[in-house]
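These numbers come from a predicted model, not from an experiment.
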Amino acid sequence: MAVDLTAEQLRSALRLGDSATETAEAERLLTYAKAVIPARAPGASTVVHTEAAIRLCAYLYDKPFASRGTSYANALRNSGAGDILLPWYEPKVSK
């Protein structure tokens, strides 16, 4: 499946305005989420992917750029997106 979300819908979900800066930020975050979320749990439905993408984008938008050690490092875990995707998570196997 895939993330079914537009930058406009993401802006609304994150309660952002419609300035060029906020639109660009929503587009940047959404591009990242569309690459990461389906790869993490390819068997999940579009609804699951979309909700996980919203959570991940919201977390990344609000997290500080600098943190103490790894306090904010795991965005999937800290945002709740990882828990949403967990039933469909397919770990990558190294060869």
Side-chain angles (χ1 to χ4, degrees):
M1 300 295 157
V3 175
D4 184 23
L5 190 65
T6 65
E8 187 173 303
Q9 291 168 323
L10 179 60
R11 272 194 357 249
S12 177
L14 300 183
R15 297 176 195 93
L16 300 177
D18 60 357
S19 72
T21 302
E22 290 165 312
T23 299
E25 186 68 7
E27 288 171 354
R28 183 185 71 80
L29 292 170
L30 184 56
T31 299
Y32 176 72
K34 284 183 174 183
V36 171
I37 298 293
R40 183 83 172 183
S45 70
T46 299
V47 171
V48 172
H49 282 164
T50 301
E51 185 60 31
I54 291 169
R55 302 281 178 106
L56 179 61
C57 290
Y59 182 82
L60 291 172
Y61 180 77
D62 282 334
K63 86 179 195 89
F65 284 105
S67 63
R68 294 184 320 247
T70 59
S71 297
Y72 299 98
N74 193 332
L76 277 170
R77 180 188 310 156
N78 293 332
S79 68
D83 285 341
I84 290 170
L85 298 172
L86 190 60
W88 298 275
Y89 172 61
E90 294 182 15
K92 302 293 182 209
V93 179
S94 300
K95 293 183 181 182

### Summary
For V48 and A44, the nearest pair of non-hydrogen atoms, with its separation, is CG1-CB, 3.8 Å
### Message
Under the side chain to side chain contact (heavy atoms under 4.5 Å, CB included) test against R11, which residue among T6, T23, L30 passes?
### Response
T23
### Message
Measuring from atom CG of D4 to atom CD of Q9, what distance do you get when rounded to the nearest 0.5 angstrom?
### Response
7.0 Å
### Residues that A75 engages under side-chain contact (heavy atoms from CB on, under 4.5 Å), provided they are two or more places apart
L56, Y59, L60
### Query
Tell me, which pairs form a salt bridge (charged side-chain N to carboxylate O under 4.0 Å, His left out) where one or both residues lie in residues 42-58, sequence neighbours left out?
E51-R55
### Query
Say you draw a straight line from OH of Y61 to CZ of R15; how long is it, rounded to the nearest 0.5 Å?
12.0 Å
### Query
When rounded to the nearest 0.5 angstrom, what is the spacing between CD1 in I84 and OG1 in T50?
10.5 Å
### Task
Count the heavy atoms belonging to other residues, nucleotides or ligands that lie under 6.0 Å from CD of E8, then report whether that count exceeds 12.
no
## Note on the structure
Heavy-atom nearest pair, A26 first then L10, reads O-CD2, 3.4 Å
Under 3.5 Å, side-chain donor or acceptor atoms of residues 31-43 against the rest of the protein: list the pairs with distances, not counting sequence neighbours.
from: T31; atom 1: OG1; to: E27; atom 2: O; distance (Å): 2.8
from: K34; atom 1: NZ; to: L5; atom 2: O; distance (Å): 3.3

